[in-house]
Amino acid sequence: MNSISREAGLVLSRKQILVLLLLAVALRLAYVGMVGWFGGDFNNGSDSGKFIKRALSLLEHGEIVYLDFGVLIPDTARMPGYPYFLAGIFDLFGHERLWIVSVFQAFIDGSTVIAIGFLAGSIDRRWALPAAGLACVWATLIVYASFVLSDTLFLAFFTWGLCACVWATRSRHKALLMVAAGISFSLALQTRTTLMFFPYLILPVTAYLLWSVSGMRWYRAIVFAAIPAILIILSVVPQVVRNNANYGHPVVTTQSGNHAMDVVDQFLRACPQCIVAGMEDQMHGDLKIRLAALPIPEQRNPVILNGVRRDVALDYLKQLPLSVMIRGTISGVLRSTSQTAVYETGHQMRWNPQFFSAIRGDDIAKRIFKFTKTVATDPFMLIWAFAQAATLLALLFQIVGTFNGIRRRTERPYVIFLLAIAAYFLILNGPFGNARYGMPLTPVMAVLTAAGLLALIDHLRERIEEDGTTATARPEG
């Protein structure tokens with residue numbers, strides 16, 4: 001592994017790694033302490049509750065089960081990785097002190113910061129320290145590491161997987177790194193179903209990266225890129241076999257049906273003609289009718305119920321105008337890339353923050369005036385405003401970094417690789433968008449922010465040098 005590190009190039013010194021890790025962990029622990037001091041919540045509501053319930057089921061029954069019609073049956077609705085993580089902590093420290101989970105996640109998130117630095121530095125050595133520094137203070141990472149949610153664990157595995165893919169372009173140990181990437185992505189999939197379709201993306205984009213950077217022949221690049229894709233698929237085979245044995249259908253999870261219904265709900269609410277026609281109520285009415293029509297044994301089969309929900313959602317999705325889906329997805333993209341996670345802090349601390357959506361007024365001008373006054377007089381809202389401004393500024397740097405990276409031949413393949421990764425999550429989210437939905441984008445956003453910042457600094461330096469040269473060359477008198 002040391003030879004791999006030497007080939008990839010130590011883009012961060014050991015001292016820098018240690019300082020960054022300590023700073024990242026310290027900031028996250030300080031935030032956890034602040035949440036505890038102000039009586040905030042480490043439980044994020046129903047999402048945290050679902051994971052906690054499954055972890056407790058593991059400790060009580062030795063497997064994840066739930067009570068259905070008075071009978072304990074195997075769970076199929078969530079991936080098992082995070083419940084196992086929680087169960088280990090609960091077994092050692094009990095389940096009442098959720099802040100202990102946040103402490104563990106602070107250290108895990110510290111490793112993500114280092115991975116982001118390595119990822120950036122593998123593209124351009126100068127990007128490493130700025131990207132890792134930005135990740136240290138990135139609000140999304142700090143805030144969500146304090147919640148009992150799977151996002152922090154997922155992102156750590158996922159970011160190290162991206163590192164392995166990028167390192168492989170300059171290493172002799174390509175096969176080993178592709179295996180490492182596959183293991184990392186597989187572990188990430190075991191925490192969240194978001195990577196269910198990732199093999200279909202990671203194969204072509206990694207093959208492109210190996211072909212364009214390493215100079216591999218296209219067929220060899222495809223063979224190497226297929227390694228992580230195959231490992232991801234193999235990682236869910238045990239779940240598919242188990243679910244097939246229990247419920248007669250080879251599926252990974254039954255989370256897709258409810259998610260599909262939620263996605264179509266969001267699209268319908270953004271469609272004026274759909275609202276007038278009452279299509280959302282029609283969809284849920286049709287779902288009830290189809291579920292009630294099932295034989296009793298099938299009504300108790302979560303895989304069949306999931307399939308019905310997915311089919312109903314698809315039926316109504318087909319009726320939506322394409323413009324509505326495009327508009328809804330763009331709205332989700334904008335929210336995921338431009339919202340600061342600091343808004344979550346206000347709710348977490350139970351401060352009841354008055355964001356613009358909560359402001360009432362006769363017209364938009366009066367609402368803006370009231371909101372501006374609220375921001376100016378509420379200390380938390382003032383902090384939120386600065387954080388939101390910083391998020392929007394970072395977005396501008398990301399745009400600059402993207403265009404500058406595309407323009408430069410040596411960086412272009414990596415930037416395309418990162419943009420493809422970002423597009424995967426944004427398209428998968430559909431109309432959903434906020435800081436948490438944008439969390440898988442954090443490695444890409446931090447890297448591109450650092451790239452844009454350095455590109456701007458380089459541009460300003462060149463202008464200053466040009467001005468100095470011109471002044472020197474100008475004849476006196």
Side-chain angles (χ1 to χ4, degrees), residues 8-9 11 115-128 130-131 134-135 155 158-171 174 177-178 181-182 184-185 188 194-195 197-229 232 329-330 333 336-337 394-429 438 440-456 458:
V11 296
I116 290 172
F118 282 151
L119 178 62
S122 298
I123 301 171
D124 186 324
R125 294 179 68 89
R126 295 191 313 144
W127 296 2
L134 287 165
L155 193 63
F158 181 70
T159 308
W160 284 108
L162 293 180
C163 280
C165 289
V166 171
W167 283 338
T169 61
R170 295 194 175 104
S171 173
K174 288 179 172 53
L177 285 166
M178 288 293 97
S184 293
F185 292 141
T194 316
L195 292 189
F197 306 106
F198 198 63
Y200 303 107
L201 173 74
I202 197 62
L203 195 159
V205 296
T206 305
Y208 163 73
L209 198 60
L210 292 170
W211 169 76
S212 59
V213 177
S214 303
M216 273 190 177
R217 293 186 179 275
W218 62 267
Y219 55 85
R220 290 192 72 234
I222 291 174
V223 169
F224 278 102
I227 295 173
I232 294 170
T329 301
I330 291 173
V333 168
S336 292
T337 55
L395 182 58
L396 293 177
F397 283 130
Q398 289 156 32
I399 294 170
V400 172
T402 298
F403 282 107
N404 191 64
I406 292 291
R407 187 172 57 84
R408 296 164 65 94
R409 184 177 60 83
T410 55
E411 295 162 9
R412 186 183 306 132
Y414 296 106
V415 173
I416 291 173
F417 173 79
L418 293 177
L419 291 177
I421 299 296
Y424 170 84
F425 289 106
L426 291 170
I427 293 171
L428 206 62
N429 290 341
L441 308 177
T442 305
V444 177
M445 295 168 77
V447 170
L448 293 179
T449 302
L453 181 62
L454 288 172
L456 184 61
D458 288 343

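Residue indices begin at 1 and follow the sequence shown. All figures in this text were calculated on a predicted structure; none of them were measured in a lab.
Sparse packing is recorded around CZ of F403, with 12 or fewer heavy atoms of other residues, nucleotides or ligands lying under 6.0 Å away.
Inter-residue side-chain proximity for Y414 and L209 is flagged as met; some heavy-atom pair is nearer than 4.5 Å. Annotation: side chain of F118 is not in contact with side chain of V166 (no heavy-atom distance under 4.5 Å). Proximity of D458 to R126: side-chain heavy atoms (C-beta onward) are separated by under 4.5 Å at one or more points. Counting heavy atoms from C-beta on, the side chains of L119 and W160 never come closer than 4.5 Å. Taking 4.5 Å as the limit, some side-chain heavy atom of N404 sits within range of a side-chain heavy atom of R407. A 4.5 Å side-chain heavy-atom check between L201 and I421 finds at least one atom pair inside the cut-off. Side-chain contact between I202 and C165 is present, with at least one heavy-atom pair separated by less than 4.5 Å. Counting heavy atoms from C-beta outward, L454 and D124 have side chains that stay 4.5 Å or more apart.
A distance of 11.5 Å separates CD of E411 from OG1 of T402, quoted to the nearest 0.5 Å. A distance of 12.5 Å separates CG of L419 from CZ of R412, quoted to the nearest 0.5 Å. Of the inter-residue distances, the one linking R170 atom CZ with I123 atom CD1 reads 8.5 Å to the nearest 0.5 angstrom. Note: L134 CG to I116 CD1 = 9.5 Å, rounded to the nearest 0.5 Å. The distance from atom CD1 of I427 to atom CZ of F197, rounded to the nearest 0.5 Å, is 12.5 Å. Annotation: the span from F397 atom CZ to L453 atom CG amounts to 5.0 Å, rounded to 0.5 Å.
Smallest separation of non-hydrogen atoms from A450 and P130: CB-CB, 3.9 Å. Nearest heavy-atom pair, P413 versus S212, reported as atom, atom and distance to 0.1 Å: CB-OG, 3.2 Å. Contact record, L155 with P440: CD1-CA, 3.9 Å, taken as the closest heavy-atom pair. Listed here is the closest heavy atom pair of A120 and A131: CB-CB, 3.4 Å. Nearest heavy-atom pair across Q398 and M445 is CG-O, 3.6 Å. Contact record, P228 with F185: CB-CD1, 4.4 Å, taken as the closest heavy-atom pair.
Residues satisfying the side-chain hydrogen bond (donor to acceptor under 3.5 Å, both in side chains) test with T329, not counting sequence neighbours, are none. Under the side-chain hydrogen bond (donor to acceptor under 3.5 Å, both in side chains) criterion, R220 pairs with no residue at all, not counting sequence neighbours. Evaluation of the side-chain hydrogen bond (donor to acceptor under 3.5 Å, both in side chains) rule for T206 yields no partner, not counting sequence neighbours.
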Report task. Carefully, step by step, assess F425 and L195 under the rule side-chain contact (heavy atoms from CB on, under 4.5 Å). Result -> CA-CA 9 Å; F425 289 106; L195 292 189; 3.9 Å; yes
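Counting only distance, with no hydrogens or angles, the side chain of Y424 and the backbone of F198 share a donor-acceptor pair below 3.5 Å. Of the possible donor and acceptor atoms, none in the side chain of T169 sits under 3.5 Å from a partner among the backbone N and O of S214.
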